[in-house]
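Scroll down for the structure; my scribbles are underneath it.
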Protein chains: 2
Amino acid sequence: METKDKIRNLAEELIRTKGYNAFSYADLSAPLKIKNAAIHYHFPSKEVLGASVIEEMVLGFQQLSSSWSDQSEKEQIEWFMDIYRNSYEKGMVCLMGSLAPDFETLSPAMQAQIQRMSRVILDWLTACLEQGRTKQVFQFKGEASDRALVLISSLISSLSLSRVQQTDLYSRIRQQLLSDILA
Amino acid sequence: METKDKIRNLAEELIRTKGYNAFSYADLSAPLKIKNAAIHYHFPSKEVLGASVIEEMVLGFQQLSSSWSDQSEKEQIEWFMDIYRNSYEKGMVCLMGSLAPDFETLSPAMQAQIQRMSRVILDWLTACLEQGRTKQVFQFKGEASDRALVLISSLISSLSLSRVQQTDLYSRIRQQLLSDILA
DNA sequence: ATATTTACTTACTAGTAAGTAAGTTTGCCA
DNA sequence: TGGCAAACTTACTTACTAGTAAGTAAATAT
């Protein structure tokens, strides 16, 4: 892997463990055994690095969710929830869960990227729920978009709450969310 | 109000808008027209200030929730949700939503306080849901404690997501959460 | 073979962070 | 009236922040 990707990947990890405002260039340069200035060579500023991390995440999600498109809606939702299980197991929160509370402190460019990220995920989730309901795989009251909101908001916080309480709250929340939508 | 309370209140506001790691002593001293060192007089360190903010919040919640005890469980849950509406209207996230993602970067003392805060809120919510179900005010599947987890996690993220999307997602999530538990 | 570009390092800057030691003002108490 | 404590300010320190300018070695292009 190239240095640029190593920097971006480590930055993502740091954002998702310590938060955007709590990590520094030293946290990147030391483990990668490069100098501070090498980061600036690849990413002119911290906000450009941050924006790049989000962009890569959105791209990754779009590819991943596309690869599920021939599976049932139930399985797609379960794969989606598995992303969060994976985060939980690594002791990380998701990118949205980390960046959304810091929204006000971020540059307009990063804010726009975060908005886009939330749009992409919510649109996918809404479409999946809607289609699943049409096919009678799912059963729930209200708009699919509102159901998507409850799902995503609960999953996001399940990771940070699991960390706080040092138990697998993620699995309990996942179970409950699934039983709320399954026919 | 005394200076010490002014400092603590402003600190809470800053944590809930910018996040713990993004606010500085200058953000406190400038608006309060005091000097940096005056904060250190009242709170020896930033972590002591942070812990004090959480302690005050827990105390406030315990008092508030006690004052609801003679009302119906439905009304109690609605009052509880009104706390989040209030936060939404001020453009703030809740203390838990702000501090939980930063958990790893905080001192053991603050971590313990955050754990306590989550316990207090979850215990209250679980008891309220359980009792409401017994009285047939509420109707839901699964353990009350799991239902409480879904409720709180969703409410927490509703605030940060509302900020990101710049719309009142809070109200849509609240509506959906209520319809999921009402008989 | 020469020039240019890529991917850095070295060495630095200006700004900001939390925190501290010592001094000052104000009000109270004996 | 003298002394003392509470609530500060002044002035400072140490540590760290993102960011930059200039230089370099190695690979690539002409």
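Each chain gets a letter, A, B and so on, in the order its sequence line appears, and its residues count up from 1.
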> If an axis is fit to five pairs at each end of the helix from C:dA1-D:dT30 to C:dA30-D:dT1, what is the angle between the two, to the nearest 10°?
Replying inline: 10°
> Is any side-chain nitrogen or oxygen of A:His42 closer than 4.0 Å to OP1 or OP2 of C:dT6?
Replying inline: no
>> Using whole Å, what does the distance between atom P of nucleotide D:dA6 and atom CD of B:Glu2 come to?
In response: 13 Å
>> The criterion is ring-ring contact (aromatic ring centres under 6.0 Å, His included); which residues satisfy it with B:His42, sequence neighbours excluded?
In response: none
> Which pairs pass side-chain hydrogen bond (donor to acceptor under 3.5 Å, both in side chains) with one or both residues in residues 173-183 of chain B, sequence neighbours excluded?
Replying inline: A:Arg147-B:Gln176, A:Arg147-B:Asp180, B:Asp82-B:Arg174, B:Tyr170-B:Arg174
>> By the side-chain hydrogen bond (donor to acceptor under 3.5 Å, both in side chains) test, which pairs, at least two apart or in different chains, include something from residues 125-138 of chain A?
In response: A:Glu73-A:Lys135
> When rounded to the nearest 0.5 angstrom, what distance separates OG in A:Ser171 from CZ in A:Arg85?
Replying inline: 6.0 Å
> According to the salt bridge (Lys or Arg N to Asp or Glu O under 4.0 Å) rule, which pairs have a member within residues 30-44 of chain B, sequence neighbours left out?
Replying inline: none
> Which pairs pass salt bridge (Lys or Arg N to Asp or Glu O under 4.0 Å) with one or both residues in residues 41-51 of chain B, sequence neighbours excluded?
Replying inline: none
>> From NZ of B:Lys35 over to P of C:dT24, roughly how many Å is that when rounded to an integer?
In response: 17 Å
Which pairs would a plain distance check flag for residues 98-105 of chain A, meaning a side-chain donor or acceptor within less than 3.5 Å of a matching protein atom at least two apart in sequence or in another chain?
residue: A:Ser98; atom: OG; partner: A:Ile15; partner atom: O; Å: 2.7
residue: A:Thr105; atom: OG1; partner: A:Asn21; partner atom: ND2; Å: 3.0
residue: A:Thr105; atom: OG1; partner: A:Asp102; partner atom: O; Å: 2.7

> Restricting to pairs with a member in residues 106-123 of chain A, which pass salt bridge (Lys or Arg N to Asp or Glu O under 4.0 Å), not counting sequence neighbours?
Replying inline: A:Arg119-A:Asp123
>> Does anything in residues 119-165 of chain A form a ring-ring contact (aromatic ring centres under 6.0 Å, His included)? List the pairs, not counting sequence neighbours.
In response: A:Phe61-A:Trp124, A:Trp68-A:Trp124, A:Phe80-A:Trp124
>> For A:Asn86, give me all partners under side-chain contact (heavy atoms from CB on, under 4.5 Å), at least two apart in sequence or on another chain.
In response: A:Lys90
> Atom OH of B:Tyr41 to atom P of C:dA22: distance rounded to whole Å?
Replying inline: 17 Å
> Can you list, by residue number, the residues of residues 104-113 of chain A that have a non-hydrogen atom closer than 4.0 angstrom to DNA chain D?
Replying inline: none
> Starting at NZ of A:Lys6 and ending at P of C:dA7, how long is that distance when rounded to a whole Å?
Replying inline: 13 Å
What nitrogen or oxygen pairs link the protein and nucleotides 15-19 of chain C at under 3.5 Å?
residue: C:dA17; atom: OP1; partner: B:Ser24; partner atom: OG; Å: 3.1
residue: C:dA18; atom: OP1; partner: B:Phe23; partner atom: O; Å: 3.4
residue: C:dA18; atom: OP1; partner: B:Lys46; partner atom: NZ; Å: 3.4
residue: C:dA18; atom: OP2; partner: B:Tyr25; partner atom: N; Å: 2.8
residue: C:dG19; atom: OP2; partner: B:Tyr25; partner atom: OH; Å: 3.0
residue: C:dG19; atom: OP2; partner: B:Lys46; partner atom: N; Å: 2.8
residue: C:dG19; atom: N7; partner: B:His40; partner atom: NE2; Å: 3.4

>> Rounding to an integer number of Å, can you tell me how far B:Lys33 NZ sits from D:dT9 P?
In response: 13 Å
> At what distance, to the nearest 0.5 angstrom, does CD1 of B:Ile156 lie from OG of B:Ser118?
Replying inline: 8.5 Å
